[in-house]
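Written out below as structure tokens is the structure these notes cover.
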Amino acid sequence: MFKKLIITISLLFIIFISLPFITVFLNVDYKLLYEIFKTVEFLNAVKTTFLAAFVSTLIAIIFGIPFAYAVTRYKFPFKSLFEAIVDIPQTIPHTAAGIALLMTLGRSSLIGKGASLLNISFVQTFWGVVAAMGFLSFSIFVNAVKEGVRKVDIRYEKVARSLGATPFKAFFFVTLPMIKHDIITGALLMWARGISEFGAVAILAYYPMTLSVLTYDKFQGYGLKQALAITALIFIMSMIIFVIIRIIQNIWKYTESR
């Protein structure tokens, strides 16, 4: 009885989640979908979206791994506050985050003026897209790495230190290899999350258009039909991305269990 109840609830949950996808694919104009897929505008949006998400993820890897390691391994003042600050972007409306970023990175801000000396601007530029994506998805990567570090027994690092390894070497040659799967999984999830960002991107950098902004722009300018075609294309790409992620995770689990 319990097993049947659990399976029934699970099936109802899957049906509820699947309905929007099914509805889109039942109503989309596939001829228009193919035509939009070939347009330069759509391909540029794909390029901007995927590349900006990749760059923001790369920046997160550089700064996020040391931060995740520090808050997991060390005790220091305000540690809980720092962790909370990293998680805050996940809890605020993304339009509010966009406004905050605009005030922080805009041309009249201190950072904006400093960046302009290097010919860098965050308003209506690729780097604005990167900033918006990174700000709102950074915590996904950090939390994944934190969980990985927690699973690594600190005694491994202590043994390496007792054998003459420096803290630097113990970190790079003992800890990092043991959390590589968590790092890759966190990076993939952050990248995938960045691809879907809209609110903050639209406020800080409407141009160059990302896929989410292009969908909204088409909906506002041309109505539901064109927006629906782009939505279907986004759904297809998202499904492919997450299927690949799950396959990779299952392969790791299988190889680790052997």
Side-chain angles (χ1 to χ4, degrees), residues 50-92 94 97 100-101 104-105 111 127 129-197 200 238 241-258:
F50 281 44
L51 183 59
F54 173 78
V55 173
S56 67
T57 303
L58 190 62
I59 295 171
I61 290 172
I62 295 171
F63 292 96
I65 293 176
F67 176 81
Y69 183 84
V71 297
T72 304
R73 284 286 188 257
Y74 305 133
K75 293 182 180 180
F76 49 86
F78 308 113
K79 184 174 81 168
S80 296
L81 176 62
F82 295 158
E83 290 184 276
I85 289 172
V86 171
D87 289 331
I88 284 174
Q90 291 293 312
T91 64
I92 59 176
H94 291 191
L101 286 172
T104 305
L105 304 175
I111 295 176
W127 290 110
V129 179
V130 171
M133 287 182 175
F135 180 70
L136 286 160
S137 57
F138 182 82
S139 61
I140 295 174
F141 176 76
V142 169
N143 290 330
V145 177
K146 280 163 58 178
E147 289 302 313
V149 175
R150 287 192 184 104
K151 290 185 290 186
V152 176
D153 195 325
I154 196 170
R155 286 179 295 182
Y156 290 113
E157 297 175 21
K158 290 181 178 179
V159 168
R161 294 290 306 280
S162 69
L163 294 174
T166 63
F168 185 85
K169 286 185 176 180
F171 172 72
F172 269 93
F173 296 106
V174 176
T175 307
L176 279 187
M178 296 180 76
I179 63 170
K180 61 183 179 182
H181 292 169
D182 301 280
I183 292 172
I184 295 172
T185 298
L188 287 171
L189 290 174
M190 177 182 169
W191 177 75
R193 175 62 189 82
I195 287 172
S196 67
E197 176 51 38
S238 298
I241 289 168
F242 277 100
V243 166
I244 291 173
I245 290 174
R246 295 308 177 194
I247 289 173
I248 291 172
Q249 289 176 329
N250 290 333
I251 290 173
W252 286 340
K253 289 178 182 177
Y254 174 74
T255 53
E256 287 176 349
S257 62
R258 295 184 62 183

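Sequential numbering from 1 along the given sequence is applied to the chain's residues.
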Query raised in the report: Do Phe172 and Phe168 have ring centroids that are under 6.0 Å from one another?
Result: yes
Report summary line: In this structure, CG of Asn143 is separated from CG of Leu189 (nearest 0.5 Å) by 11.0 Å
Query raised in the report: Can you check side-chain contact (heavy atoms from CB on, under 4.5 Å) on Phe50 and Ile241, steps first, answer last?
Result: CA-CA 11 Å; Phe50 281 44; Ile241 289 168; 4.1 Å; yes
Query raised in the report: For Phe78, does the CZ atom have more than 12 heavy-atom neighbours from other residues, nucleotides or ligands under 6.0 Å away?
Result: no
Requested in this report: Check for a donor-acceptor pair, side chain of Trp191 on one end and backbone N or O of Gly186 on the other, with a separation under 3.5 Å.
Outcome: no
Query raised in the report: Taking side chain as C-beta onward, heavy atoms only, is Ser137 less than 4.5 Å from Glu197?
Result: no
Report task. State, to 0.1 Å, how close Leu101 and Ala131 come at their nearest heavy-atom pair, and which atoms those are. Result -> CD1-O, 4.2 Å
Query - Side-chain heavy atoms of Val174 within contact of Val152, under 4.5 Å - result: no
Query - Lys180 atom NZ, over 12 foreign heavy atoms within 6.0 Å - result: no
**Report entry** Thr104 vs Phe135 side-chain heavy atoms within contact, under 4.5 Å
**Finding:** no
Query raised in the report: Which atom pair, heavy atoms only, marks the closest approach of Ala170 to Ala165?
Result: N-CB, 4.4 Å
Query raised in the report: Only one of Ser196, Ser56, Pro89 forms a side-chain contact (heavy atoms from CB on, under 4.5 Å) with Leu136, so which one is it?
Result: Pro89
**Report entry** Check: Arg150 main-chain N/O paired with Glu147 side-chain donor or acceptor under 3.5 Å
**Finding:** no
Query raised in the report: With side chains defined as the heavy atoms from C-beta onward, is the minimum distance between Thr166 and Phe171 less than 4.5 Å?
Result: no
Report task. Test Trp127 against Val55 for side-chain contact (heavy atoms from CB on, under 4.5 Å), laying out the working first. Result -> CA-CA 9 Å; Trp127 290 110; Val55 173; 3.8 Å; yes
Report task. Apply side-chain contact (heavy atoms from CB on, under 4.5 Å) to Phe76 and Val71, showing your working. Result -> CA-CA 8 Å; Phe76 49 86; Val71 297; 3.9 Å; yes
Query - Heavy-atom donor-acceptor pair, Thr185 side chain to Asp182 backbone, under 3.5 Å - result: no
Report task. For the pair Glu157 (side chain) and Thr175 (backbone), establish whether a donor and an acceptor sit closer than 3.5 Å, ignoring hydrogens and angles. Result -> no
**Report entry** Any Val145 side-chain heavy atom under 4.5 Å of Ile61 side chain
**Finding:** no
**Report entry** Test log, rule side-chain contact (heavy atoms from CB on, under 4.5 Å), inputs Ile183 and Phe141
**Finding:** CA-CA 7 Å; Ile183 292 172; Phe141 176 76; 4.1 Å; yes
Query - Close side-chain approach of Val149 to Lys146, heavy-atom, < 4.5 Å - result: no
Report task. Compare every heavy atom of Phe138 with every heavy atom of Gly64, then report the nearest pair and how far apart it is. Result -> CA-CZ, 3.8 Å
Query raised in the report: Roughly how far, to the nearest 0.5 Å, is CG of Asp87 from CZ of Phe82?
Result: 14.0 Å
**Report entry** Straight-line distance of Ile62 CD1 to Ile65 CD1, nearest 0.5 Å
**Finding:** 9.0 Å
Report task. Side-chain contact test, heavy atoms from C-beta onward, threshold under 4.5 Å: evaluate it for Ile244 versus Leu188 and give yes or no. Result -> no
Query - Gln90 vs Ile140 side-chain heavy atoms within contact, under 4.5 Å - result: yes
Query raised in the report: Once you round to the nearest 0.5 Å, how far does OG of Ser139 lie from CD1 of Ile88?
Result: 10.5 Å
Requested in this report: Measure the spacing between CE of Met190 and OG1 of Thr57 and express it to the nearest 0.5 Å.
Outcome: 4.5 Å
Query raised in the report: Quick check: does any side chain N or O of Lys79 sit under 3.5 Å from a backbone N or O of Tyr74, one acting as donor and the other as acceptor?
Result: yes
